[in-house]
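Computation of the quantities below employed the complete heavy-atom set of this structure, encompassing side-chain atoms and omitting hydrogens, waters and symmetry-equivalent molecules.
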Number of protein chains: 2
Amino acid sequence: MAETSVPQGGQALLFLTDEQLRKGIEAMFFAYRGFTADPDRILADKAYGRAHHRAIHFIHRSPGTTVNNLLAILGVTKQSLNRVLRTLVEDGLVESRVGRNDKRERHLFLTPEGAALERELSDAQRERMRMAYRAAGPVAVAGFRQVLEAMMDEEIRRQYEALRDKSA
Amino acid sequence: MAETSVPQGGQALLFLTDEQLRKGIEAMFFAYRGFTADPDRILADKAYGRAHHRAIHFIHRSPGTTVNNLLAILGVTKQSLNRVLRTLVEDGLVESRVGRNDKRERHLFLTPEGAALERELSDAQRERMRMAYRAAGPVAVAGFRQVLEAMMDEEIRRQYEALRDKSA
DNA sequence: CTTGGAATGTCAACAAGGCTGACGTATCTT
DNA sequence: AAGATACGTCAGCCTTGTTGACATTCCAAG
């Protein structure tokens with residue numbers, strides 16, 4: 001694209017230069033490594049992976065969610081999700097209940113054991129997030145959230161916003 | 001950890017509640033999907049994946065970098081990287097030159113074809129970043145960067161900072 | 001000059017976690 | 001009664017990560 005992003009209005013939009021954008025891209029890449037590092041370490045021992053973490057997280061967030069809901073949020077195929085879900089159910093971390101109204105649906109819940117793992121994982125992840133937030137301060141955090149939301153795909157953003165203000 | 005983050009100083013640090021942290025975590029998760037979506041789409045056609053993108057990106061960033069450097073930055077094993085690198089060299093996107101001083105080392109460069117693919121990928125990724133930055137504004141962008149840097153692992157942050165201010 | 005260690009490459013085997021395609025079953029909707 | 005929907009499952013494939021073992025090449029220290 002443009003070598004440097006020359007603005008329309010004559011004002012130098014320095015934060016939109018390719019150079020600045022590259023720094024943002026690399027920051028995103030490296031930060032995501034940190035973001036997943038702690039849960040990954042915990043899961044490594046337990047024969048689970050990131051996929052299990054994601055499933056557990058969103059089941060915790062929305063107890064009773066259906067498989068289809070989860071598919072949409074995670075953005076994977078049902079075969080992929082099913083593999084993960086099956087082991088979680090077998091291991092007694094997730095319970096799958098047949099729907100009341102619509103018996104085709106399965107509603108997913110964490111068992112006490114599942115909830116315990118969820119807490120362990122999210123404690124670790126939250127702790128890093130807390131440190132980062134504390135170091136950066138509230139204004140930075142607001143900006144952080146703004147940029148992230150603007151980076152999402154349209155459809156994903158809708159899902160995010162639907163979740164955003166629901167309490168766990 | 002704490003149900004809600006009760007501050008030490010008596011001041012309500014609202015942005016550090018578990019609830020706020022959870023939103024940040026989910027924002028990070030969904031945003032990263034958007035972050036990689038465009039390059040992934042481009043690469044899907046070409047029988048390459050994210051791993052190739054990362055290698056190409058950092059070779060472009062630091063032409064002549066050694067395999068060991070790249071390993072440290074990417075955080076994968078040499079076997080993993082080697083597989084990716086081999087296909088890129090075979091396909092004529094990357095050139096691997098034996099080191100002048102230390103002939104054990106291989107210095108990596110993009111060929112014109114490699115540079116072309118790099119440009120295609122980073123144009124797409126930068127474009128999304130540009131849109132997000134533009135939508136959020138310069139103050140938000142500064143905050144975004146601050147939080148991301150605070151989220152990195154110590155060792156990674158050092159590498160990031162070393163790269164950060166080098167021009168491509 | 002020899003030798004230890006570093007940097008690199010390569011082979012083999014394996015696992016996680018994506019994907020597609022096909023099929024089956026139960027259930028709901030029309 | 002027929003079609004659509006929700007879910008599960010089997011089979012097979014790919015990418016990308018891992019470990020372990022081993023060969024080569026070369027630098028540098030003794």
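- The cationic atom of B/R97 (NZ for Lys, CZ for Arg) lies less than 6.0 Å from the six-membered ring centre of B/F109 and within 45° of the ring axis.
- Computed from coordinates, the B/L81 CG to D/dG17 P distance equals 9 Å when rounded to whole Å.
- A side-chain N or O of A/T111 and one of A/E113 form a donor-acceptor pair less than 3.5 Å apart.
- From B/R164, atom CZ reaches atom CZ of A/R22 across 10.5 Å, with rounding to the nearest 0.5 Å.
- By the 30° and 60° cut-offs, the orientation of the rings of B/Y160 relative to A/F30 is perpendicular.
- Taking atom CZ on A/R41 and atom P on D/dT18, their separation rounds to 14 Å, with Å as the unit.
- For the OP1/OP2 pair of D/dT18 and a distance below 4.0 Å, the side-chain nitrogens and oxygens of B/T77 include at least one atom meeting the criterion.
- Residues A/H53 and A/E118 have side chains that never bring a donor and an acceptor to within less than 3.5 angstrom of each other.
- Distance CG (A/N82) to C1' (C/dG17): 13 Å, rounded to an integer number of Å.
- A salt bridge is defined here as a Lys NZ or Arg NE, NH1 or NH2 lying under 4.0 Å from an Asp or Glu carboxylate O, and B/R130 with B/E127 meets this definition.
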- Task: Assign a letter to each nucleotide of nucleotides 20-27 of chain D from its 5' end: B, base within under 4.0 Å of a protein heavy atom; S, sugar-phosphate only; -, no contact.
- Result: BB---BBS

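- The phosphate of D/dT16 has OP1 or OP2 within less than 4.0 Å of a side-chain N or O from B/H52.
- Atom NE2 of B/H107 is separated from atom P of C/dT8 by 9 Å (rounded to the nearest Å).
- Between the CZ atom of B/R97 and the C1' atom of C/dA7 there is a distance of 19 Å, rounded to whole Å.
- The base of D/dG17 sits with one of its N or O atoms less than 3.5 Å from a complementary donor or acceptor on the side chain of B/R83.
- The separation between A/L85 atom CG and C/dG18 atom P is 13 Å, rounded to whole Å.
- At least one side-chain nitrogen or oxygen of A/R86 sits closer than 4.0 Å to the OP1 or OP2 atom of D/dT9.
- In this structure, B/Y48 places its OH atom 15 Å from C1' of D/dC14, rounding to the nearest Å.
- A donor-acceptor contact closer than 3.5 angstrom links the side chains of A/E26 and B/H57.
- For B/N68, a side-chain nitrogen or oxygen approaches OP1 or OP2 of C/dT8 to under 4.0 Å.
- Checking the phosphate oxygens (OP1, OP2) of C/dC19, a side-chain nitrogen or oxygen of A/S80 falls inside 4.0 Å.
- A/R33 places its CZ atom 10 Å from the P atom of D/dG17, with the value rounded to the nearest Å.
- Nearest-nucleotide positions on DNA chain C for A/A47 and A/V76 put A/A47 closer to the 5' end.
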